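Lettering of chains follows the sequences in order, A, B, ..., and the numbering in each one begins at 1. Remember, predicted model here, so these are calculated numbers, not experimental data. Just so it is clear, the values below take in all heavy atoms, side chains as well, and ignore hydrogens, waters and symmetry mates.
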Amino acid sequence: MLYTLIPFLPLAAFLVLGLGGSRIKDRAHLVAVPAVLLSCLLSIGAFIEVASGSVISVPLYAWLTSGTLDVRIGLYIDRLTAVMLLLVTIVSSLVHVYTIGYMHGEPGYARFFSYIALFTFSMLMLVLADNLLQLFIFWEAVGLCSYLLIGHWYERASACAAATKAFLVNRVGDFGFLLGLLLVWYSFGSLNYHDIFPAAHEAANQTINLLRPLGGIWEVSLFTLIGLLLFAGAIGKSAQVPLHIWLPDAMEGPTPISALIHAATMVTAGVFMVARLAPLYNLSPVAMQVIALVGAATMVAGATIALTQTDIKRVVAYSTVSQLGYMVMACGLGAYASGMYHLLTHGAFKALLFLGCGSVIVALHHEQDIRRMGGLKDKLPVTYWTFVVGSLALAGFPLTAGFFSKDDLLVAAWMSGPLGQVLALLGLLTALMTAFYSFRLVFVTFWGPSHVDPHHVEHIHEPSWTITVPLIILAALSILTGYLGIPSFLEPVFSTGGEHSGEHGAAGLGIMIAATVMGLAGIAGAYYVYVLNPHLPDRFAQQWESLYQGSLNKWYVDEAYDRAFVKPTLTAATELWKRVDIEVIDGAVNGVARGVAWGGWLLRLVQSGQTQHYALAMAGGIVVIVTMFMFF
Amino acid sequence: MTFSPGDLFLILPELLVITAACLVLALDPVLSSSKKDGLAWLSLGTLAVSMGVIASQMGHAAPAFGGIVIIDAYACFWRLLLCFVAGLTVLLSHTYLREERLYFGEYYGFVLLALSGMMVMVSAADLLTIYLGTELMSLSLYVMAGLKRSEPRSLEASAKYFVLGAFSSGILLYGISLLYGATGSTRLPAIAAAIAGRSLDDPLLLAATILLAVGFGFKLAVVPFHMWTPDVYQGAPTSVTAFMAVASKAASFGAFLRVFVEGLGGLKANWSAIFLLLCVATLVLGNIVALVQTNIKRMLAYSSIAHAGYALIGVVAAGMAGGPAGGANGIAAVMLYFALYAFMTFGAFTIVAMLRKGGLDGDEIEDFTGLATRHPLAALLMLVFMVSLAGIPPTAGFIGKFYVFMSAVEAGLTWLAVLALVFAAISAYYYLRIVMVMYMREPVALTAASPRLVMSPALSIVLACAVAGVLFFGVYPNPLVNLAGQAVLTLK
Amino acid sequence: MTHSFPWLTLLIVLPLAGAVALCFVKENSIRLITLGITAADLLLSLPLWWLFDSSSGGMQFNETAVWIATPPIHYRVGLDGISLPLVLMTTILMPLCVLISWRSIDRRIRSFMAMLLVMEGAMIGVFAALDFVLFYVFWEAMLIPMYLLIGVWGGPNRIYAAVKFFLYTLAGSVLLLVAILVLYFQGGHTFDIVQLSQSTVPESLQFWLFLAFFAAFAVKVPMFPFHTWLPDAHVEAPTAGSVILASVLLKMGGYGFVRFSLPMLPDASIAFTPLMVTLSIVAIVYGAYMALAQADLKKLIAYSSVSHMGFVTLGLFMFNIQGIEGAVMQMVNHGITTGGLFLCVGLIYERTHSRQIADNAGLTKPMPRYATLLVIFALSSLGLPGTNSFVGEFMVLAGTFLWSKLATALASLGIILAAAYMLWMIQRVAFGVPSAHMLPKLRDLDRREMATLVPLVVLVFWIGIFPNPMLTRMHASVKQVIARMPAPATAMSPGARPSPASTDEASAAMETPRP
Amino acid sequence: MTIPISYYLILSAIVFLTGIVGVLIRRNIIAILLSIELMLNATNINFVAFSEHFQDLGGQVFVFFALTVAAAEVAIGLAIIIALHRAKDSINIEEFNLLKW
């Protein structure tokens, strides 16, 4: 099948660059960009074909067969996949192009291209997977790419630490994913979507006693367990509370990566996974509630932290965390289509924002602190305007893509029930914060007096077309994706016979208006605080110092983890090694050896050198033998 | 008592050896010192002829001289082994004596005399003959141990050996006399016949068994009758030590098995209990004390004590096994064990004898430091012998242990096999310490006083024989296994 | 299925003969000749992969000759789907071991290479032997060369490490000898492994025999708490020695369990399952913790071996096809990956003469090729999907899941920790900035060194992406092993439990340790 | 009147034990040698007694051999003692303990 090429073109690019990178060097984009563009075109073809109602399935090969464990690698394209394919290949293509300008002249140019090609391949395989294990394999593979790309500037200690952290935190989540996956296999004897989904309904009432090994009884619904375990993976990958800590740190990587991996595609894999497994999740109200609550918590936490960050990329990163919270919440409330819709629009405008950040950063010679920016709107007009478009979309300004998707999402949440209504209100509150911090960024960065390092002021100019063109395209997409009717396109995939986000009704209209008002209020508030009264932020900070410090320090989650997990683990490792391994076990081993040798020294003394002692020993021997016979 | 000329042919090897011994002793004062080498060649020639004769006698079982001697496959097996070892001893001594400046022609005479005693021991079927053989062997060895008269340690070894040896032969003889009293004969078949109808609890019989066990226990260096061994092995000239450690032990085992299997087979329940006790004590003490030795001859002495312990396992197994087949397996295992043990022990002692420090034996373990760099081949050979002594395949030592343990397991003595193997693992430590010293320590700077290695063609032959035996029988023990299987005594 | 061509004998004899031949060649051609011999052995072994008949669970390429008449001991060799990959792994690794020693071994090169060849012959012999005594001979024969490899060419603390290695493993294996003898008398007076695998031994005796087998195999694996020889031996051994130790010698423990303990002592194996599982899980987690605490690269990898080998024993004692096949996969994979890691450490040690993580920082910049390969092996070691290790670990976990979910969860902790210690190691070694005084020493890999590592990288991905060719060769043999297990153990299979009521019962059977 | 065999046995046992104790406690090597001779003579008593008891000449033959061997043994023993005395001017057995442990 032709569509097999969609993932394998980037793979080919990766292989060429990976093996011959040292020779290709500065011409790396000539390999990578065409490959990704081609695969983008093929994706569009696939999208069109799927849109006509068919489902494409391409079996590739049997990966692993062992008894009932039978895993076959294959491609599966339905509407959900098709949408994701478009998102991934389009954003990837744009990022590829953007990279040409952004990374130009860097020593790791070819390496960088090979990594993003590998990432594109892995991400495509992830969304194309027709079984859970394939999903998991590429789930980890994208994590690997993320790891490699975060650590792209490997000489920077902070980048390396961030890379390690990202991988490790994801591993914690994947721990759950793996167990969930095994539970699915255990329960259904297969990992293939085709087999699982039809069988799911029959197994709906199964329970598992979690305390059986300990002799207790704690019956948990099979699907709750499966759902929660798999969702643990999503918590890691999609940076949900409490495993969100890696994503902001991941901003150590080059900005194109932040746009591609840490905003548009990879981090949304968790949402995609939940949506993909909707038939399973639908069977477990408990798991769904947990997902919704986690999503909501992430949404709020991300937004509150984003309010005070001073690193331009971190603001956007926390915004990503918060937006991912929206999507996950939506999925948790059963509004998968809305979640996916927001995922798509967010992919467009968040990629735009990151690339915009990158443009600013490049222009300022790798300055990322917004307190040393300002007044850039005249010097970087294209960047500025596209950034504003992205921010408007993020803030949910009417008629942008973000407006539609967020409203759709909140309305769907409101309609889903009492829990949904509470969360929808939280969502509205978050929308207010979102608008505020996104425009805080716009105003502080582009407006007002310049705080830029005087050395660089002269050199600030708009970057090359390879950077601006993707910005413009993404700006266009940030508006256009709102008009594509994604929810109704995806609805067949999630057709559980439940709600339809199309029918809004009066409450829906109310939410829509409220969201719009919140967005506008946020923008106005930002304008008031950062443009009209620039001294206000400091006063607020002093007035609510503990809150401000909490937000600024990301609510001390990192510190807490460090104290609760990292340090104890390392201490325990060292102590175990020194106490148990060296002292107890090795001590016992050496002790036995020493004991035997000591026995030797002692017995040796019997050999006194005195002939008569020897004769005495012989006589003693006779006595012993005689005694033996007398008593036994 | 009947006598036929044919009997003379049966003991022809013994006669040859004794004649040669007398010749050597007689010629020694006559020959000029430069021609004394000829005595060695004379001895070797005699031994070669004897071995040929013995080989031709294999497969026949014939009592001679009215039954005081029996030349069967069993006797031939041991006599062959003993002659072979004696030949190696002569070759080793040839170089060793020159290095030690011991120009005694009578040395070879003593070797041959001791050998004739040993050969009598293993072919004897009468306690009297056995006693005579034993004494002939022992008296020669007492003298040989003290041959280095300038060396106080040699003299002391000789004295200790003599005092304790005489003491033990007194005990042995007393045991023999009690056995005579209990059964009315000193002829082994007659003894066996007399025992067959007796109660096992007869105190006289029991006392005789115990005293015989003690007497032989001394010769076999079994704990607690072993204490002379380290001192004598260390003090005696190394070539003599090698001869004692291999030949005298083998001969003693040969006679010992003959007495206890053919004569006292009916008492096997009693004696296997005794030997079980001695065996365990020997294994434990031999191996553990060997661990802490610093003198290699002393260490090898303890090692040979431990090996006697392993061999005793076969005896115990033979005594405790159910049927006659099981008993035969144990005895065959012991015979095989000693045949294989001869190669490795003799090889090890040869290397020790080759190592000279100044004008003296380089017999401290430290003297082996860095041998692998200076004499890679010698170090490699020593490595092979040590590995074999430790019982690690593919060497002869493993085969020996394998059969012994197999007989133990067959006899239901699995726990004994486990214990012995645990101590075999411990023993690996001290054998490998030699390897470690040779291979892993950096050699000290070469000075006049630092150890050096003596080489000569004769020694090469000895080492070649030893290492070939160790490796060949380690890889393909079949011929020897078959030989032992054919020559085995049956325990009724 | 018999082949007229004596493949296995040649495989065993060629290196041994080579070792002897080395004594007579010129000093400057030793390396090349050794390489030639190992390469020839490799080439000789490759056809077996294709000649192997995957549909048969029995032994193939059999050769039999009487070795000792009484008791009947035969020279009997053959391969099945379990030993075939291990033999191939050995032959693949040996040329690499020669290559890695090319320059790093500069004294007594002749003896060193001879030892390597003897090791190779003995290792192949262990995997191919079908007579228990023959197996034991090969098994023990490896000790001495390994002892010398560590003790003569090792690091500063080599003597202690060598002696510890030797005594530890010897002490373990002496009991094996007794067990072999007992089995001979109880299992029909034969040492034939195939026959013994079909005979039945009384249950009470199985208990003791299992313990004896356990002593030998658990030390070799090494299972917690018999693992302390491993860090010392690995650290002090020369690189080639570490590779052989980690890649092949450790496998013999696992191989012993699957070849002997399981089929010969099925009842005892099942009775001991809770203990074995517990020890395996402890090893997985504990080994990982130990690895976290290390500042020495080799020690870190050594402890990671303890952790990884825990998966092997865990999988074996699941008695289901996923578990056992996963365990065999894991053995091969661990051989490749850990072998690669040790080779990497050896290469850097040649340059900086330090194995301390702190001394070898920031290698990517001066040594990009090296860093790439190191990262690949590290990622494989932490079980990244797409690399070989994931296949084995996943299958073992899948097999374990059928037995107990709790055990699976605990074992999976090892995967998190593996990521922690490996990535932390990478972060410190590959990334960052090299110290100025080390920089001149850090030249990138040359062709020979690339040739040493690249084959393993290829295997890492080949097995990771196409594990099925190896698995298909295993199925029939593993099924035979499982068929030996008493019924309850094999009854479990996933997906066959439609009704909720039966779920509970079945999970009860799974969660509670079997009697 | 015949003396019961047990009388001889008891006598020989006493002589034998005396010999053993002598070996164990005397310091002079010659004295030790004499004690050993006592042990051998105890044996001879046994042999003769049993020989008489069984009416079997074998025992008496054994005695002759034992005496001969004992003589040889003494000869060698004395030679060793002379050598010892030359080396160390002493025949106290306690002074010969270079070889130990």
Is [X] in contact with chain D via its backbone, its side chain, both, or neither, using a 4.5 Å heavy-atom distance?
X        : result
B:Ile176 : both
B:Pro152 : both
B:Leu155 : both
B:Ser158 : both
B:Arg298 : side chain
B:Phe162 : side chain
B:Phe167 : both

Pick from [options]: which one has the most heavy-atom pairs with chain B under 4.5 Å?
options                            : result
D:Ser12, D:Ala72, D:Ala79, D:Ala42 : D:Ser12
D:Ile81, D:Ile5, D:Leu9, D:Ile20   : D:Ile20
D:Asn44, D:Ile93, D:Thr68, D:Ile36 : D:Ile36
D:Ala87, D:Ala49, D:Gly59          : D:Gly59
D:Ile45, D:Asn46, D:Leu38          : D:Asn46

> Considering the options B:Leu113, B:Leu115, B:Leu112, B:Val240, which one meets the side chain to side chain contact (heavy atoms under 4.5 Å, CB included) requirement together with B:Ser140?
Replying inline: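 It is B:Leu113; the other options fail the test.
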
> Do you know which of D:Ile25, D:Leu24, D:Ile30, D:Val23 makes side chain to side chain contact (heavy atoms under 4.5 Å, CB included) with D:Ser35?
Replying inline: D:Val23

> chain D: which of B:Asp231, B:Val232, B:Leu136 shares the most heavy-atom pairs with it under 4.5 Å?
Replying inline: B:Asp231

>> Quick check for you: among B:Gly146, B:Ala157, B:Ala166, which has the greatest number of heavy-atom pairs under 4.5 Å with chain D?
In response: B:Ala166

>> Please determine whether the number of non-hydrogen atoms from other residues, nucleotides or ligands lying under 6.0 Å from atom CZ of D:Phe65 exceeds 12.
In response: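 No.
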
> Within a reach of under 6.0 Å around CZ of B:Arg149, are more than 12 heavy atoms found that belong to other residues, nucleotides or ligands?
Replying inline: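 Result for CZ/B:Arg149: open.
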
> Does a side-chain heavy-atom distance below 4.5 Å link B:Ile11 with B:Phe65?
Replying inline: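 The answer is yes; the side chains approach within 4.5 Å.
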
Quiz question: by atom type and distance under 3.5 Å, do the side chains of [X] and [Y] form a donor-acceptor pair?
X        : Y        : answer
D:Glu95  : D:Ser90  : yes
B:Tyr107 : B:Asp28  : no
B:Ser169 : B:Lys219 : no

> What part of D:Phe50 is in contact with chain B, defined as an atom under 4.5 angstrom from a non-hydrogen atom: side chain, backbone, both or neither?
Replying inline: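 Both the backbone and the side chain of D:Phe50 come within 4.5 Å of chain B.
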
>> Given the ring of B:Phe349, does B:Lys297 sit roughly above its face, with NZ or CZ under 6.0 Å from the centre of the six-membered ring and within 45° of the axis?
In response: no

> B:Tyr161 vs B:Tyr142 aromatic rings, parallel, tilted or perpendicular, using cut-offs 30° and 60°?
Replying inline: perpendicular

